[in-house]
Amino acid sequence: MKRSLSMVLLLACGILLLAGIVQLFELRYETGDIYPAYSSLRADPLGTMALYETLNELPGTMAVRDYSDGNELPAGTNTVYLHLAAGYYDWDHVPESLLLEVERFTKSGGRLVITFFPEPTERSTAKSRRAQEVKSASPEKDKSKSDDKTGQGKGGTKPHKPDPDPPQDKDEEDEASKPASKKKRDHEILSLGERWGLHPLLLKLEAGPDDTYLPAQVTNRTGLALPPTLEWHTGVVFTNLGPAWTPIYMRGTNAVVIERNFGKGSVVFSTDSYFISNEAMLQDRHADFLAWLMGPNKRVYFDEAHLGLTVSPGIAMLMRKYRLQGFLGGLALLAGLFLWKNGTSLAPLPDITKQNDAIMGKEAYTGFVNLLRRNVPQNVLLATCFAEWKKSAGRGAGHSPARRKAVEDTYLAVADTRDPVKAYQALCAALHTSQAPQPAPTQPAPPVLNISHES
């Protein structure tokens, strides 16, 4: 009883521990603060889950998270691709293959929206130092150095997606199998200022109380039905724009939201990402501006891979793909039954107190006598012994015919007596008195077995 109670208590504690762990993970994943800022998986103010779920609620509109690291944009027809919270320094110098992929996507009818991470002022961070290195680099003199300093991948074709680190031998095989023109495009770094006339610049925002920065006011310089002013939470602006770009919002004389058409599609750059965050959806929502960003497209892709959220195929992914959850549950159940079987007996344990103790100290002679008493009745005991003696005497045990005749006559005389002991003694006497002189036996005579029945 005590053992069963201990097992029940242990099982209850295990269930409570598992429930606590599940609750802890649910609380953590509900807010999504483990994901990068401006991810559509975050439900806190820094995420963009509100926009993602709202788009999925609209009839005819589908929002999709892109976790692929294949560095290829989707089909451009009726598609808008959101590349949110990118570093403005990442779009100073880019691989030629990236520009070709963007142009292919937009010319087929896609709309690419690129927003920068809010940077209120220059900071002595690794990102700022990297931006200064990119600005001071000279791609015309040394293309390979520019490639190393900008940190762009080898032939990456999706905006700012991290390239995996394949084994060296596989990378060399891929490079060897590429055409010469493809290799050149993958390694050649181009300046967007020269190719597209795009020059980002960081202007410091005004400092406010409590070590904060005050947002700047940007104005609508077009005839579009958009909000006349917006609060801008970054100091990044575009200067010296090329003639192909159309400024949408301006901060003074510098543009902060620009658009350019490529064939059937277009590219939009925004230096701020705050207006698309969950906090802005609640406190400073501009549905008309968001509708202009999306355009008439019905498929909206949220790029999660450039934020570091990629899906790598593994055992768990394959099990979900082929629906092997039931098989895994069966294995867990089988393992539990195996542990239960080895931990306790399924059959009731025997009562040790009711077991009879073994009687020790008995000899083989006593056991043989008890066996005879249980199996040979008293009234046939003498006849049984005489029959066994005749079998042994008939095998040439040194008994003469006269001796056997004397014993048989004695047996017939005492067979009807009720005292088997006296009859046995008479037979033994007849056996010894009727024995003729014989030479000395070479072996001692066998012992006489004294068998008696208790009345």
Side-chain angles (χ1 to χ4, degrees), residues 32 35-86 90-91 98 101-118 157-161 224-227 230 248-249 257-282 284-311:
Y35 299 109
Y38 295 96
S39 169
S40 61
L41 297 170
R42 292 188 68 152
D44 66 341
L46 288 178
T48 58
M49 182 181 288
L51 178 62
Y52 174 83
E53 294 185 350
T54 301
L55 291 174
N56 273 325
E57 294 295 330
L58 296 178
T61 303
M62 178 183 63
V64 181
R65 295 185 176 99
D66 184 13
Y67 300 105
S68 64
D69 55 359
N71 294 327
E72 293 182 357
L73 293 172
T77 306
N78 294 326
T79 301
V80 55
Y81 196 89
L82 302 181
H83 184 76
L84 307 177
D90 291 329
W91 289 89
L98 172 60
E101 177 68 12
V102 169
E103 291 175 0
R104 178 205 64 80
F105 172 73
T106 53
K107 288 179 180 180
S108 61
R111 183 174 176 84
L112 177 62
V113 178
I114 302 172
T115 65
F116 294 158
F117 190 89
T157 56
K158 188 177 283 190
H160 190 51
K161 281 207 173 180
L224 300 174
L226 299 176
L230 294 175
I248 306 300
Y249 279 92
V257 179
I258 56 177
E259 181 183 21
R260 178 177 176 176
N261 295 326
F262 284 90
K264 299 179 181 179
S266 58
V267 176
V268 176
F269 275 92
S270 172
T271 60
D272 193 11
S273 298
Y274 172 78
F275 58 86
I276 210 167
S277 65
N278 296 330
E279 182 180 1
M281 296 297 108
L282 178 64
D284 192 19
R285 180 171 61 251
H286 297 283
D288 44 2
F289 181 53
L290 295 176
W292 173 81
L293 280 179
M294 305 303 162
N297 304 289
K298 299 301 181 181
R299 290 194 302 271
V300 183
Y301 282 82
F302 285 74
D303 186 7
E304 299 287 344
H306 86 284
L307 299 174
L309 303 177
T310 59
V311 175

Query raised in the report: Out of curiosity, Phe105 CZ to Glu72 CD, how far, rounded to the nearest 0.5 Å?
Result: 13.0 Å
Report task. Mind checking the CZ-OG1 spacing from Phe269 to Thr115? Nearest 0.5 Å is all I need. Result -> 10.5 Å
Requested in this report: Give me the ring orientation class for Tyr81 and Tyr301: parallel if the planes are under 30° apart, tilted from 30 to 60°, perpendicular past 60°.
Outcome: parallel
Query raised in the report: Can you list every salt bridge (charged side-chain N to carboxylate O under 4.0 Å, His left out) pair that touches residues 259-269, not counting sequence neighbours?
Result: Arg111-Glu259
Query raised in the report: CZ of Phe275 to CG of Leu293: how many Å apart, nearest 0.5 Å?
Result: 5.0 Å
Query - Asp66 and Ser68 side chains, donor-acceptor separation under 3.5 Å - result: yes
**Report entry** Set of ring-ring contact (aromatic ring centres under 6.0 Å, His included) partners for Phe262, sequence neighbours left out
**Finding:** Trp196
Query raised in the report: Hey, which of Ile248, Thr271, Asp272 is the one that makes side-chain contact (heavy atoms from CB on, under 4.5 Å) with Val257?
Result: Ile248
Requested in this report: Quick one: closest heavy-atom pair of Ser273 and Ala85, and the distance?
Outcome: OG-N, 3.4 Å
Query - Side-chain heavy-atom pair Trp91, His83 within 4.5 angstrom cut-off - result: yes
Query raised in the report: Any side-chain hydrogen bond (donor to acceptor under 3.5 Å, both in side chains) pairs touching residues 284-298, not counting sequence neighbours?
Result: Asp284-His286
Requested in this report: May I have the step-by-step check of side-chain contact (heavy atoms from CB on, under 4.5 Å) for Leu41 and Arg65, ending in yes or no?
Outcome: CA-CA 9 Å; Leu41 297 170; Arg65 295 185 176 99; 3.2 Å; yes
Report summary line: Distance col, row Asn78:CG vs Arg299:CZ, nearest 0.5 angstrom, shows 6.0 Å
Query raised in the report: Can you list the residues that meet the ring-ring contact (aromatic ring centres under 6.0 Å, His included) rule with Tyr249, with sequence neighbours excluded?
Result: Phe289
Query - Nearest-0.5 Å distance that lies between atom CG in Leu309 and atom OH in Tyr67 - result: 7.0 Å
Report summary line: In terms of heavy-atom contacts, Met294 and Val300 come closest through SD-CG1, 4.2 Å
Report task. Can you see which heavy atom on Gly47 is nearest to which on Arg42, and at what distance? Result -> CA-CB, 3.4 Å
Report summary line: Sorted by chain and number, sequence neighbours left out, salt bridge (Lys or Arg N to Asp or Glu O under 4.0 Å) with Glu279 holds for none
Report summary line: Heavy atoms of Val113 and Val80 approach each other most closely as CG2-CG2, 3.9 Å
Under 3.5 Å, which donor-acceptor pairs link side chains of residues 50-62 to any protein atom two or more places apart or in another chain?
unit_1, atom_1, unit_2, atom_2, d
Thr54, OG1, Ala50, O, 2.6
Asn56, OD1, Ala63, N, 2.9

Requested in this report: Give, for atom OH of Tyr38 and atom CG of Leu46, the distance between the pair rounded to the nearest 0.5 Å.
Outcome: 6.5 Å
Report task. Considering non-hydrogen atoms only, spot the tightest contact between Val102 and Leu73 and give its length. Result -> CA-CD1, 4.2 Å
Report summary line: Here the pair of heavy atoms bringing Thr106 nearest to Ser266 is CG2-O, 3.5 Å
